[in-house]
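Both ligands and their constituent atoms are indexed starting at 1 by order of listing.
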Amino acid sequence: MSKERTLSIIKPDAVERNLVENIKSIFIKNNLIIQDSKKIHITKDEASEFYKVHQSKPFYNELCSYLSSGPIVVMILEGENAIKSNRKLMGATNPKEAEENTIRKLYGISIDKNSVHGSDSLENAKKEIEFFFKN
Ligand code: CDP
Ligand code: MG
């Protein structure tokens, strides 16, 4: 077990439906501390930079338009195995395939409007935290 930090994003579909506090309470109940949190509205260029790993995917353009389409909440979560723990709480990318009681099962609308983002590795967590929280 090791203490880690990961980046979580509450995407526009969930912010718009007033789900920020519900989603935050799931993290808190599951021992992930919200170290920092801010509501921002990023540009499409910023979204394209953030999602650069997906630039060859067919859904890249729509994904970047979507993430920049409205306010989002970006957070640093800290806890034991925070990266895996957050991914488990999020559930599968497609809400239809997500396990019961995961955030995406509870709140996700579709594979693109799936309510949350979470870093997938230690290396990406570091990069993504730096991306949104560089001082
Ligand atoms: O977010 P996660 O790590 O679970 O999935 P990903 O494979 O890294 O994809 C990033 C995001 O692209 C997803 O969360 C979806 O919002 C979106 N996506 C999509 O719109 N259509 C797909 N076929 C796959 C992913
Ligand atoms: Mg991913």
Worksheet item: So, Lys127 and Glu123, do they make that salt bridge, N to O below 4.0 Å?
Response: yes

Worksheet item: Going by the angle between their ring planes, with limits at 30° and 60°, are Phe131 and Phe50 parallel, tilted or perpendicular?
Response: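 Phe131 vs Phe50 ring planes: tilted.
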
Worksheet item: For ligand 1, what are the residues with a heavy-atom contact below 4.0 Å?
Response: Lys11, His54, Phe59, Leu63, Arg87, Thr93, Arg104, Ile111, Asp112, Asn114

Worksheet item: With Lys52, which residues qualify under salt bridge (Lys or Arg N to Asp or Glu O under 4.0 Å), at least two apart?
Response: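 Glu49.
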
Worksheet item: Quick one: salt bridge (Lys or Arg N to Asp or Glu O under 4.0 Å) partners of Glu78, sequence neighbours excluded?
Response: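 Salt bridge (Lys or Arg N to Asp or Glu O under 4.0 Å) check on Glu78 returns Lys3.
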
Discussion item. Is it the case that over 12 heavy atoms from other parts of the model lie below 6.0 angstrom from the NZ atom of Lys113?
Written reply: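 Atom NZ in Lys113 is not crowded, with 12 or fewer foreign heavy atoms closer than 6.0 Å.
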
Listed pairs under 3.5 Å, donor-acceptor, residues 86-101 side chains, sequence neighbours left out:
unit_1 : atom_1 : unit_2 : atom_2 : d
Arg87  : NH1    : Gly118 : O      : 3.0
Asn94  : OD1    : Lys96  : N      : 3.1

